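Let me begin by presenting the structure, written as structure tokens, before commenting on it.
Keep in mind it's a predicted model, so treat the numbers as computed, not measured. Per chain, numbering begins at 1; letters A, B, ... match sequence-line order.
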Amino acid sequence: MLDRRFVVEHADAVEQNCQRRGSQADVRRFVALEGQRKAAQVEVDELNRKANEVSKSIGKAKDAAEREARKNEGRELREKTVAAQAELDRLMSESDAILRTIPNMSHPEAPVGADDGSNLELRHGQHAPPHFDFKPLDHVELGERLGLMDFEGGAKVAGHGFYFLKNEAVLLELALQRYALDVLMREGFTPTITPDLARNEILHGTGYIPRGPETQIYSIADSDLSLVATAEITLGGLLSGEILDPAALPIKLCGISHCYRTEAGSGGRAARGLYRVHQFTKVEMFAFTLPDGSEDMLNYFCDLECQIFDGLGIAYRVVDTATGDLGGPAYRKFDLEAWMPGRGEKGEYGEVTSTSNCTDYQARRLAIRYRTGEKGTAFVHTLNGTAIAISRALIAVLENYQQADGSVLVPEVLRKWVGKDRIARD
RNA sequence: GGAGAGGUGGCUGAGUGGUCGAAAGCAGCGGUUUGCUAAACCGUCGUAGGGGGAAACUUCUACCGGGGGUUCGAAUCCCCCCCUCUCCGCCA
């Protein structure tokens with residue numbers, strides 16, 4: 001969330017930003033409520049001050065009669081305080097509800113536009129899309145012929161959107177994880193495997209909204225836990241409430257987790273096969289930085305994502321995400337879209353990674369700070385980025401590496417973990 | 001899951017219902033001493049919000065795991081929850 005005072009002092013800019021991001025947040029109402037809230041706070045403080053005075057005087061009262069008189073005075077004050085506090089709480093919760101829906105500010109260079117149609121293509125990877133002298137298959141068909149996935153089985157045990165990976169697809173999943181991990185460990189990331197569940201409080205802190213009609217999140221009944229949609233949630237939550245030593249920053253973590261998404265409201269969108277599923281595995285990068293370090297870190301994350309896909313030998317393009325498509329917490333976001341030869345009629349780019357600079361938006365809610373100079377603290381910046389989202393990386397690998405004979409070559413960098421250089425059924 | 005013990009400032013750790021935002025120690029910061037390092041000594045040292053001040057600063061309020069309650073007054077008493085440790089049970 002944004003800083004309350006910032007919103008009040010920059011109401012016009014915040015309102016304009018909301019429009020660009022497609023947020024309905026009522027900034028005017030928030031500003032009005034903040035004014036009332038402050039007045040209420042002053043009143044509560046004043047009542048408390050008086051009550052404290054009275055309380056202190058009771059211990060020093062000369063006699064029982066005076067003590068009783070002062071006690072009555074205290075009781076009356078308490079009644080007033082309770083009423084004033086209730087009003088303050090009401091104002092606080094209403095303004096808070098609005099504040100939570102105000103998205104982060106946007107990077108001045110982020111393309112302005114309502115949706116991904118306004119995304120700006122920045123550059124392409126090292127590799128060009130492959131040329132096939134045959135009609136390339138999509139990953140679903142390849143997977144079926146090679147015995148790599150079972151969507152019917154997934155649907156039987158868990159419903160549409162679930163699947164079994166089988167045979168070499170299992171090895172590819174593990175190889176992709178290991179490959180990404182190798183790159184990241186070499187770069188000084190601390191590898192982690194995170195919980196797949198998190199408290200709703202942590203979800204909120206990272207900007208995810210469990211429950212509600214449009215939620216992407218699966219909740220666990222009779223608990224305040226949800227299945228995570230990404231390790232971003234758990235990695236961000238890891239340091240919640242902490243005050244960090246600035247000398248220790250930046251902190252770079254990567255986390256392997258399963259990701260669970262209801263995909264509510266995405267019905268009808270291209271969803272064949274592994275592209276949009278309810279569960280997949282992901283290696284996620286996460287960083288906590290000083291405020292002046294987050295912009296470089298975002299570029300660094302993006303470069304690493306490029307390095308990972310260049311290493312796999314897959315064509316991709318990098319896009320600068322339009323304001324309307326940034327979601328709540330991101331200040332700026334770059335996506336990698338890999339070439340997927342089996343997608344659409346002649347192949348299409350499909351999103352495979354995403355990296356965001358959330359500036360202090362998540363840190364404020366999660367209360368992650370660092371010490372500034374001799375006195376005071378300030379919020380860190382948080383960044384997240386996909387190293388490898390297995391399901392979509394699998395699509396790209398299978399479709400780009402397919403051969404005329406129906407086999408699929410294993411990308412060079414994965415061979416040592418897959419243990420073979422070609423996937424074929426005889 | 002059962003029984004017990006705990007959760008206090010960056011860390012360790014005291015704390016009687018009022019004078020406690022909280023002893024003490026360590027770390028940190030400033031300084032004195034010192035050939036250097038170390039040590040010693042003196043001072044300073046929580047977070048957030050509001051008022052005043054150009055500022056150094058000052059003042060008020062809240063915060064002792066979280067939430068409720070009792071009370072004029074709660075770190076201290078009561079209830080619920082979370083977490084940690086020890087023991088028992090169960091289990092991959």
Please give the nucleotide sitting opposite [N] as a Watson-Crick or G-U wobble pair, both distances under 3.5 Å, or none.
| N | answer |
| --- | --- |
| B:rC77 | B:rG69 |
| B:rG6 | B:rC83 |
| B:rG46 | B:rC63 |
| B:rA14 | none |
| B:rG21 | none |
| B:rA39 | none |

Given A:Ile388, which of A:Leu394, A:Leu184, A:Val352, A:Leu312 fulfils the side-chain contact (heavy atoms from CB on, under 4.5 Å) condition?
-> A:Leu312

Pairing of [X] and [Y] as salt bridge, 4.0 angstrom limit:
| X | Y | value |
| --- | --- | --- |
| A:Arg29 | A:Glu94 | yes |
| A:Lys282 | A:Glu284 | yes |
| A:Glu76 | A:Lys80 | no |
| A:Asp96 | A:Arg100 | yes |
| A:Glu337 | A:Arg392 | no |
| A:Asp421 | A:Lys416 | no |
| A:Arg49 | A:Glu53 | yes |

Take atom [atom1] in [N] and the same atom in [M], then report the distance between them in whole Å.
| N | M | atom1 | answer |
| --- | --- | --- | --- |
| B:rA22 | B:rG15 | C1' | 8 Å |
| B:rG17 | B:rU12 | C1' | 27 Å |
| B:rU76 | B:rU19 | C1' | 16 Å |
| B:rG9 | B:rC85 | C1' | 22 Å |
| B:rA14 | B:rG25 | P | 15 Å |
| B:rG51 | B:rC36 | P | 50 Å |
| B:rU86 | B:rU32 | C1' | 49 Å |
| B:rG68 | B:rA75 | P | 14 Å |

Whole Å only: how far is the [atom1] atom of [X] from the [atom2] atom of [N]?
| X | N | atom1 | atom2 | result |
| --- | --- | --- | --- | --- |
| A:Leu88 | B:rG50 | CG | P | 12 Å |
| A:Arg78 | B:rU71 | CZ | C1' | 7 Å |
| A:Lys71 | B:rG18 | NZ | C1' | 12 Å |
| A:Arg364 | B:rU47 | CZ | P | 17 Å |
| A:Glu76 | B:rG73 | CD | C1' | 16 Å |
| A:Asn200 | B:rG67 | CG | P | 17 Å |
| A:Ile202 | B:rC82 | CD1 | C1' | 12 Å |
| A:Gln36 | B:rG50 | CD | P | 17 Å |

Are the side chain of A:Glu34 and the backbone N or O of A:Arg5 linked by a donor-acceptor pair below 3.5 Å?
-> no

Whether A:Asp320 side chain and A:Leu122 backbone form a donor-acceptor pair below 3.5 Å | no

Please produce a list of atom pairs where a protein N or O lies less than 3.5 Å from an N or O of nucleotides 59-63 of chain B.
residue: B:rU61; atom: OP1; partner: A:Asn52; partner atom: ND2; Å: 3.3
residue: B:rU61; atom: O2'; partner: A:Asp45; partner atom: OD1; Å: 2.8

With heavy atoms under 4.0 Å as the rule, sort A:Arg37 into base, sugar-phosphate or nothing.
-> nothing

Looking only at heavy atoms, which two atoms of A:Asn119 and A:Ala322 are closest? And how far apart?
-> OD1-N, 2.7 Å

Of all the choices, B:rG18, B:rG49, B:rC82, which nucleotide is nearest to the side chain of A:Ser55 once you look at every atom?
-> B:rG18

Among the candidates B:rC83, B:rG50, B:rU47, find the nucleotide nearest to the side-chain atoms of A:Arg199.
-> B:rC83

Close residues, residues 230-238 of chain A, relative to RNA chain B [heavy-atom separation under 4.0 Å] = none

Would you kindly compare A:Asn72 and A:Ile243 by the position of their nearest RNA chain B nucleotide and give the one closer to the 5′ end?
-> A:Ile243

